[in-house]
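Everything numeric here is computed off the predicted structure, so don't read it as measured data. Read the numbers this way: they start at 1 and go in the same order the structure lists the ligands and their atoms.
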Amino acid sequence: MHDWLIVGAGFAGAVLAERIASQRGETVLLIDRRDHVGGNAYDHVNADGLLVHRYGPHIFHTNSDHILSYLSAFTAWRPYEHRVLAAVAGKLLPMPINLDTINLLYGLNLTSPQLEAFFLGRAEPVTEIRTSEDVVVSQIRRELYELFFRDYTRKQWGLDPSQLDKSVTARVPVRCDRDNRYFTDKHQCMPRDGFTTLFRRMLAHPNIEVRCGMDYRELLRTGCNWRRLIYTGRIDDFFDRRFGILPYRSLAFEHATLDQPQLQPVAVVNYPQYEPYTRITEYKHLTGQRHRKTSITTEFPCASGDPYYPIPRPENRMLYRKYEELADTRKDVYFVGRLATYQYYNMDQIVGQALATFRRIQDGDGRAIDKALLAAE
Ligand code: FAD
Ligand code: UDP
């Protein structure tokens, strides 16, 4: 009998396992259906000795001192500011769009105030910004939207930006200065020894038992016992998809190692046009590793496969609300993480969500009820 069962060993599950084991002294069984911990942030050393990310590039950034300080107990950090180039019109141009992007694209020599005027003069007035198209065309001329955003988004999501919530393309700003960093967060860094090492340190507590390659449904059949449950898998799966399937966008990753020291000038090159893939990542830029070879991953968006991206559309949010209402009636289960709350969250937001859940557990909210007690009711 464990005090807790936690389903899913990504950031949501691992943070909660660590907190519960170390702060409450209770026992945790942490399971994951994959053969490793780390969830989508999992990284590993490949056959050529290069540290790579199995599920696409994961770059840590946060504005929260608290979240950084919490994770720093389990890792040292390598300073890293992410920079991305977009392959457009036969050139590699800074993305997010900034002063250099426009000057290089059009062979101009604009200043920042001139660029502001250039953007303002050509943007389209949008009374209510609702969609991912609105966000961009209200800031920059349509031609730039088409070059940098429209087809990338169509590939990535299988939907036109006009069919997607504004929050998607709003992740990428438009700038009039020369700042070419992808993120502007206060803290930008990579775990020095990789994400998986961070997870292993987090989970190296005698109160935590980790079982990989174990699905929740399979565990239910073994008769294994626990008192409280934290679930970080898909919420629609948990409830047998009774209201229908919550849609996700997936990716196929093509991993390769090249017999050359470097492929591209930055970690990520985006392909926002006709290519069937969206981006190529070269890991050495993220890890700082020196090696005579280099490893890369190319991302091909697709409809089926692992559930990577919840699709932000009003009808999906409404469907999620039905599951959320049902979840609220389950006083014995906490639903945490990207899949269980159907939100397009970054890693730091998930760590924040897990730490907030732990505070609720400590405060003794209604969900911290023994299964045994529930059964007795
Ligand atoms: P996950 O990491 O998905 O972990 C959930 C785990 O639950 C999985 O390992 C799964 O196998 C397991 N599971 C599910 N169902 C069951 C079941 N029934 N039984 C057993 N186990 C189960 N964030 C950033 O901050 N920076 C980035 O650069 C970044 N890049 C990203 C790139 C890609 C391609 C993707 C897809 C995401 C990226 N993210 C990034 C987001 C980041 O991956 C998530 O915020 C984070 O991993 C979510 O953690 P989680 O624990 O909620 O979910
Ligand atoms: N996007 C785009 N062109 C780009 C980069 C991003 O159109 O060159 C859009 C696209 O819709 C993408 C969204 O902006 O899904 C968010 O981009 P981000 O790089 O944050 O995506 P993630 O890393 O989460 O896949």
Side-chain angles (χ1 to χ4, degrees), residues 5-16 30-42 53-62 82 84-88 93 95-97 132-133 135-136 145-157 159 161 164 167-173 182-183 185 188 190 195 199 211-220 231-235 237-238 248-251 253 267-273 278-279 281 286 297 299 301 306-312 335-341 343-351 353-354:
L5 170 67
I6 302 183
V7 178
F11 267 109
V15 167
L16 278 157
L30 175 65
I31 62 163
D32 202 297
R33 56 156 67 119
R34 289 170 167 164
D35 63 359
H36 57 75
V37 297
N40 287 338
Y42 173 72
H53 298 187
R54 180 168 295 171
Y55 307 100
H58 277 70
I59 294 117
F60 186 76
H61 55 102
T62 187
H82 192 44
V84 174
L85 294 171
V88 169
L93 303 171
M95 186 71 186
I97 294 175
S132 271
E133 177 180 313
V135 175
V136 185
Y145 157 76
E146 286 171 2
L147 282 176
F148 289 89
F149 287 93
R150 188 191 59 191
D151 297 344
Y152 186 107
T153 303
R154 284 181 179 169
K155 279 193 280 189
Q156 172 73 7
W157 296 92
L159 292 168
L164 269 174
S167 56
V168 176
T169 53
R171 289 168 62 88
V172 184
Y182 206 67
F183 308 113
D185 299 55
Q188 306 186 33
M190 295 293 287
F195 285 104
F199 276 89
R211 269 189 230 165
C212 290
M214 173 61 78
D215 191 276
Y216 174 58
R217 301 271 161 194
E218 201 183 316
L219 189 78
L220 288 178
Y231 189 83
T232 77
R234 293 175 64 145
I235 192 167
D237 273 0
F238 186 87
Y248 282 86
R249 191 69 175 160
S250 193
L251 293 169
F253 299 104
V268 172
V269 174
N270 283 358
Y271 290 85
Q273 294 179 346
T278 47
R279 58 186 179 191
T281 301
L286 304 179
T297 297
E299 292 172 52
D306 276 359
Y308 292 123
Y309 292 92
I311 303 177
F335 293 89
V336 193
R338 216 186 212 205
L339 299 168
T341 57
Q343 287 281 346
Y344 184 4
Y345 281 140
N346 291 327
M347 292 181 284
D348 65 320
Q349 294 172 301
I350 295 295
V351 172
Q353 195 190 48

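The nearest protein atom to atom 25 (O) of ligand 2, hydrogens excluded, is given as Y309 OH, 2.6 Å; this is a heavy-atom distance. When only non-hydrogen protein atoms are considered, atom 22 (P) of ligand 2 lies nearest to Y344 OH, 3.4 Å. Closest to atom 19 (N) of ligand 1 among all protein heavy atoms lies Y216 N, 3.0 Å. What sits closest to atom 16 (C) of ligand 2 on the protein, heavy atoms only, is V168 O, 3.5 Å. Looking only at heavy atoms of the protein, atom 11 (O) of ligand 2 is closest to T153 OG1, 2.8 Å. Among protein heavy atoms, atom 34 (C) of ligand 1 sits closest to Y55 O, 3.4 Å. The shortest contact between atom 20 (C) of ligand 1 and any protein heavy atom is with R33 N, 3.2 Å. Annotation: atom 4 (C) of ligand 2 to nearest protein heavy atom, N270 ND2, 3.5 Å. The protein heavy atom nearest to atom 28 (O) of ligand 1 is I59 N, 2.8 Å. Scanning all protein heavy atoms for the shortest distance to atom 12 (C) of ligand 2 gives Y152 CE2, 3.8 Å. Residue, atom and distance of the protein heavy atom nearest to atom 6 (C) of ligand 1 are D32 OD2, 3.4 Å. Looking only at heavy atoms of the protein, atom 4 (O) of ligand 1 is closest to G10 CA, 3.7 Å. For atom 20 (O) of ligand 2, the nearest non-hydrogen atom of the protein is R171 NE, 2.8 Å. Of the protein's heavy atoms, N40 N, 4.0 Å lies nearest to atom 1 (P) of ligand 1. If you check which protein heavy atom lies closest to atom 14 (C) of ligand 1, you get G233 CA, 3.6 Å. Looking at atom 19 (O) of ligand 2, its nearest protein heavy atom turns out to be Y182 OH, 2.6 Å.
Proximity of the aromatic rings of Y55 and H36 is defined here by a centroid distance below 6.0 angstrom, and this criterion is met.
With a heavy-atom cut-off of 4.0 Å, I350 touches ligand 1 through its side chain alone. Looking at Y309 against ligand 1, only its side chain comes within 4.0 Å, counting heavy atoms. Contact annotation: for F148 versus ligand 2, heavy atoms closer than 4.0 Å belong to the backbone alone. Residue contacts with ligand 1 for D237 are absent, since no atom lies close enough (heavy atoms, distance under 4.0 Å).
Heavy-atom proximity to D215, at under 4.0 Å, picks out these atoms of ligand 1: 17 (C), 18 (N), 19 (N), 20 (C). Residue contact check: M95 has heavy atoms under 4.0 Å from atoms 4 (C), 8 (O) of ligand 2. Numbered from 1 in the order shown, with element, the atoms of ligand 2 that lie under 4.0 Å from a heavy atom of Q156 read 15 (O). Shown in contact with R34 at under 4.0 Å from a heavy atom are these atoms of ligand 1, numbered in order with element: 8 (C), 9 (O), 11 (O). Against a heavy-atom cut-off of under 4.0 Å, L251 is close to the following atoms of ligand 1: 34 (C). Every atom of ligand 1 is numbered from 1 in the order shown, and the set under 4.0 Å from a heavy atom of Y308 is 36 (C). The distance from ligand 1 to the heavy atoms of Y345 drops below 4.0 Å at these ligand atoms: 41 (C), 44 (C), 45 (O). Near A12, the atoms of ligand 1 lying under 4.0 angstrom from a non-hydrogen atom of the residue are 51 (O), 52 (O). For ligand 1, the atoms lying closer than 4.0 Å to a non-hydrogen atom of G337 are 52 (O). Close approach of ligand 2 to F149 (heavy-atom distance below 4.0 Å) involves ligand atoms 2 (C), 7 (O). With ligand atoms numbered from 1 in the order given, ligand 1 contributes 2 (O), 4 (O), 9 (O) to contacts under 4.0 Å with heavy atoms of G39.
The N/O atoms of F253, backbone and side chain alike, include none that comes under 3.5 Å of an N/O atom in ligand 1. Close N/O approach between V172 and ligand 2 is not found [any backbone or side-chain N/O within under 3.5 Å]. Between W157 and ligand 2, at least one pair of N/O atoms sits closer than 3.5 Å. No N or O atom of T169 sits closer than 3.5 Å to an N or O atom of ligand 2.
Between R217 and ligand 1 there is no heavy-atom distance shorter than 4.0 Å. The shortest separation from a heavy atom of R279 to ligand 2 is under 4.0 Å, placing the residue in contact. Distances from ligand 1 to the non-hydrogen atoms of Y42 include no value under 4.0 Å.
Nearest-heavy-atom check against atom 43 (O) of ligand 1 across Q349, M347, H36, H58 picks out H58. Taking only non-hydrogen atoms, the option from P57, G56, G8 nearest to atom 32 (C) of ligand 1 is P57.
Looking only at distances, a side-chain donor or acceptor of Q188 sits under 3.5 Å from a matching main-chain atom of F183. Between the Q353 side chain and the G337 main chain, a donor and an acceptor come within less than 3.5 Å of each other. For the pair R338 (side chain) and Y345 (backbone), a donor-acceptor distance under 3.5 Å is present. The main-chain N or O of V336 is never found under 3.5 Å from a side-chain atom of T341 such that the two would form a donor-acceptor pair. Of the possible polar contacts, one joining the T232 side chain to the V7 backbone as a donor-acceptor pair under 3.5 Å is found. At distances below 3.5 Å, at least one donor-acceptor pair connects side-chain atoms of R249 with backbone N or O atoms of Q156. With D215 contributing its side chain and R217 its backbone, the two residues share a donor-acceptor pair below 3.5 Å. Distance alone, capped at 3.5 Å, is enough to place a donor-acceptor pair between the D32 side chain and the R34 backbone.
Across Y344, Y248, W157, F253, a single residue satisfies ring-ring contact (aromatic ring centres under 6.0 Å, His included) together with Y308, and that is F253.
By the definition of a contact as any protein heavy atom under 4.0 Å away, atom 53 (O) of ligand 1 is not in contact.
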